[in-house]
Structure formats: C-alpha cells, structure tokens
**Q** 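Below you will find the structure I want to go over with you.
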Amino acid sequence: MGERAVSAARAEHSSSSPPPASSPPPASSSPSPSSPPAPLSSPPSSPPSGYSPFSSGLPRFFSPTLPQLMGSALRLVGSEASHMTRSLRLRPGDSAELFDGQGSIVTVRLESIDRQQGLVLIATEASRKVPFFGPQWTVVAACGTLKGGRSDWLIEKCTELGARAFIPLVTERSGGKGEGRVDRWERVALAAAKQSQSLHRPLIHDFTSVSGLAKQIQQSPIALLGAPNSPPLLAALGAVDPSLVQRGGLLIVGPEGDFTPSELEALVAAGAQPVSLGLQRLRVETAAVAMLAGVSLVAHSLLEQVELHGNQ
C-alpha cells in the first residue's frame, strides 16, 4: 500500500477525535501460541451484514490485542510499528486498521511516534467482531522436511484460499519435523492473511502422527484423503451430504513417496474418504492447494445455489 493508501488514511482523520488515554497498554506484533485442534462449528450461511474487508482502503496491521472502545489507546511496538511508520510512512493524524487474526478489527488514528516506546494509536470507533465465513477446512500435510521454501508456499497459498487451520503430519516416509517450522509457518500465515485481507489467520497446530490423525478423523464431519487410484475429488464430493461440504473438515495429503499401505489402511479405517486429484503425480504442496481449491469451489457453488433458491 503506497501513497494512495496513505492519502486515504489522511482523509479519515478528524480533529475532533477523542484525546489519547494516559497509559495505553502495550501490544506485541508476534503471533500467539498454537492451540490444540477444536471441534468444527458451523459457519454462517451468508456473509455478515455489511461485511466487506476491502471497503475502507486503509492500511491494515496486526496486533494480538485491540482497543475495544472509541477513544481508548494502544501502544504498538515491534515489526508492525516499524512497517507502519518506516515502510508506509504513516505520520501522526493518519488512520489505519488493526486486526487480531481472530476476526476483530478496529480503525485507529496514529497519535504519536516514539522510537523507544513505540506508537500510540487511538481507536476512532469501537472494535468489531466478524465471524469466520465459509467452510472450515483443516489442511493436514506431511511437509515438515520439504526444502526450498515449498512448505512456506503451501501455508501461504492455503491461507489465501481460506484454510481455517493447518496440521503438519509425520509419517514413516516424511522424515523428521524440521526445527522451528511451526513458528515460521505462523509468521507466513499471518503475512498471507494480511495480503489477502482476511481477518482470520489459520491456526497452525503442532505436528501429529498418523495414529493421532486417525483419532481426529473419527471426530471430523468429513475427511478427504489424497490417494491414487481413487474416485475423483468432484465425484466423491457429489456423493457427500452438501451440508458437510459447506461445514468443512479435514483435507489430508501424504508425503513424497505417499503413505505406506498400513498407514493408508489405518486412515481409511478411521473414516477418511480416498480421493484422486487427477492423472498427474503431484508434489505435496501442489496436492494440498489443489484439494483445498477444489472443495472451496464446490462449497461456494453450493452456497450460490442455496441463495438462488432462497430468492425465488
């Protein structure tokens, strides 16, 4: 966001805005720790009233805590503060948006800049909470030892496509976990959420085993498992209750070299539905993105059909 975004920000400023609070609480720009997987809840059947994450034109920044009330203050430090003032060159009086990655967003005014203590931001409205809209798909992929930034690319693109969570998988053929990968993936997911204007960054869970995944499959409304010589993805989805597709579930991609026969047997026995993604042999990251894109398009089509019949 360059001069256009800053110009839009300045246009939002009003001299009658409330004065800053005396002691704004600090906000760190680092993502919060991963939380354990939680049961999926049904997403809203339609976007919230007035919901348009692209409408303001203001630059958007991440903060794990937000000022809740109009006129309340927040101190922003770290990389987001540096990006706001050094990269985008916002100055006191300019407006911006803060989001917490969990659906909350608030418009703020930059009040003051201090190189040691950070930025003081004043809320020009009460914060808003926007629920996650759409199917809640969790991508499960054996990608812990992929090299050359391929696992980062997987996380980035799945975030842009609306993945709700990501679980790295350890299998017999996938090798180790890769040191520091989860922390790095959290940063990649946050950057991708900002780029795609999503208010919800995906949860990045810790590594799980095949046996641990089998237990999650048993609790999931639907679990699709990429496997050769299986029914095509679209054909498999056509045989599933449409409400389950709109709700979401698990999308499972094995390692380079695929699952072992015993691993495949365990996952299918737990309830996973094997699906094919075509005739070509795909890399792990390509298969994950293709599967998520496929189910997302089907879910979107189903939602359009529901809305069309509802308007008749």
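For this chain, numbers begin at 1 and follow the sequence in order. Note: hydrogens, waters and symmetry copies are ignored here, and every other heavy atom, side chains too, is used.
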**Q** Could you check whether atom CD of E265 has more than 12 heavy atoms from other residues, nucleotides or ligands sitting under 6.0 Å from it?
**A** no
**Q** Please check if any side-chain donor atom of S262 sits under 3.5 Å from a side-chain acceptor atom of T260, or the reverse.
**A** yes
**Q** Would you confirm whether D94, through its side chain, and R91, through its main-chain N or O, come within 3.5 Å as a donor-acceptor pair?
**A** yes
**Q** Can you see which heavy atom on M84 is nearest to which on A96, and at what distance?
**A** CE-CB, 4.4 Å
**Q** First locate atom CZ of R247, then atom CH2 of W137, and finally report the distance between them rounded to the nearest 0.5 Å.
**A** 11.0 Å
**Q** Just by modelled atom types, is the V130 backbone N or O under 3.5 Å from a matching donor or acceptor in the H200 side chain?
**A** yes
**Q** Taking the side chain as every heavy atom from C-beta outward, state whether R60 and L199 have any pair of such atoms under 4.5 Å apart.
**A** yes
**Q** A side-chain contact here means heavy atoms from C-beta on lying under 4.5 Å apart; do P67 and V108 qualify?
**A** yes
**Q** Measuring from L224:CG to L237:CG, what's the distance to the nearest 0.5 Å?
**A** 5.5 Å
**Q** Provide the closest heavy-atom pair for S95 versus L58 in the form atom of the first, atom of the second, distance.
**A** O-CD2, 4.0 Å
**Q** Test ring pair (Phe, Tyr, Trp, His ring centres under 6.0 Å) on H83 and F61; report intermediate values, then the result.
**A** CA-CA 9 Å; H83 182 55; F61 303 90; 5.8 Å; yes
**Q** Between A236 and V275, which heavy-atom pair has the shortest distance, and what is it?
**A** CB-CG1, 3.5 Å
**Q** When you measure from the side chain of S174 to the backbone of T171, do you find a donor-acceptor pair of N or O atoms at a distance under 3.5 Å?
**A** yes
**Q** Is the side chain of S276 donor-acceptor paired with the backbone N or O of P231 at a distance under 3.5 Å, no angle test?
**A** no
**Q** So L203 and I167, side chain to side chain contact (heavy atoms under 4.5 Å, CB included) or not? Walk me through it.
**A** CA-CA 9 Å; L203 299 173; I167 302 176; over 6 Å; no
**Q** Please say yes or no: joined through hydrophobic side-chain contacts below 4.5 Å, possibly via intermediate residues, are L234 and V295 part of one cluster?
**A** yes
**Q** Any donor-acceptor pair under 3.5 Å linking the side chain of E160 with the backbone of A192?
**A** no
**Q** Hey, could you give me the CD1/OG1 distance between I122 and T107, rounded to the nearest 0.5 Å?
**A** 13.5 Å
**Q** Can you pull the salt bridge (Lys or Arg N to Asp or Glu O under 4.0 Å) pairs that have at least one residue in residues 127-136, sequence neighbours excluded?
**A** E125-R128
**Q** If I compare all heavy atoms of S151 with all of L146, which pair ends up nearest, and what's the gap?
**A** N-CB, 4.2 Å
**Q** Go through V253 and V140 one step at a time and tell me if the side chain to side chain contact (heavy atoms under 4.5 Å, CB included) criterion holds.
**A** CA-CA 6 Å; V253 176; V140 185; over 6 Å; no
**Q** Could you check if a side-chain atom of S63 sits within less than 4.5 angstrom of a side-chain atom of D100, using non-hydrogen atoms only?
**A** no
**Q** Tell me whether the rings of F207 and W185 are parallel (<30°), tilted (30 to 60°) or perpendicular (>60°).
**A** tilted
**Q** Output the distance between atom CD (Q197) and atom CD (Q195), rounded to the nearest 0.5 Å.
**A** 8.5 Å
**Q** Under a 4.5 Å cut-off applied to non-hydrogen side-chain atoms, are F166 and T138 in contact?
**A** no
**Q** Could you tell me whether a side-chain N or O of D114 sits under 3.5 Å from a main-chain N or O of G118, the two making a donor and an acceptor?
**A** no
**Q** Going from CZ on F99 to OG on S198, what distance comes out if it is rounded to the nearest 0.5 angstrom?
**A** 7.5 Å
**Q** Given side chains that start at C-beta, do those of L74 and L98 come closer than 4.5 Å, heavy atoms only?
**A** yes
**Q** Backbone N or O of G212 within a donor-acceptor pair of the S209 side chain at under 3.5 Å?
**A** yes
**Q** Do we get R164 above F132's six-membered ring, with its NZ or CZ under 6.0 Å from the centre and within 45° of the axis?
**A** yes
**Q** Charged N to carboxylate O below 4.0 Å: is that the case for E186 and R184?
**A** no
**Q** Quick one: does R173's side chain have a donor or acceptor within less than 3.5 Å of a partner on E256's backbone?
**A** no
**Q** Has S220 got a side-chain atom pairing as donor or acceptor with Q216's backbone, closer than 3.5 angstrom?
**A** no
**Q** I want to check something: taking the side chain as every heavy atom from C-beta on, are V240 and I222 in contact at a cut-off of under 4.5 Å?
**A** yes
**Q** List the atom of A163, the atom of L292, and the distance in Å for their closest heavy-atom pair.
**A** CB-CD2, 3.9 Å
**Q** Carefully, step by step, assess L267 and V210 under the rule side chain to side chain contact (heavy atoms under 4.5 Å, CB included).
**A** CA-CA 8 Å; L267 296 177; V210 171; 3.9 Å; yes
**Q** Under 4.0 Å between a Lys/Arg side-chain N and an Asp/Glu carboxylate O for E80 and K194?
**A** yes
**Q** Go through it in stages, so that I can follow the logic: the residues are L225 and L264, the test is side chain to side chain contact (heavy atoms under 4.5 Å, CB included), and I'd like the CA-CA distance, side-chain angles, deciding distance and then a yes or no.
**A** CA-CA 9 Å; L225 169 65; L264 274 175; 3.7 Å; yes
**Q** What distance do L250 atom CG and M291 atom CE have between them, rounded to the nearest 0.5 Å?
**A** 11.0 Å
**Q** What heavy-atom pair brings A272 and I252 nearest, and what distance separates the two atoms?
**A** CB-CD1, 4.5 Å
**Q** Only pairs under 3.5 Å count here: list side-chain donor-acceptor contacts from residues 278-290, not counting sequence neighbours, and write none if there are none.
**A**
{"unit_1": "E285", "atom_1": "OE1", "unit_2": "R150", "atom_2": "NE", "d": "3.3"}
{"unit_1": "E285", "atom_1": "OE1", "unit_2": "R150", "atom_2": "NH2", "d": "3.2"}
{"unit_1": "E285", "atom_1": "OE2", "unit_2": "R150", "atom_2": "NE", "d": "2.9"}

**Q** Do R201 side-chain atoms and A193 backbone N/O form a donor-acceptor pair below 3.5 Å?
**A** no
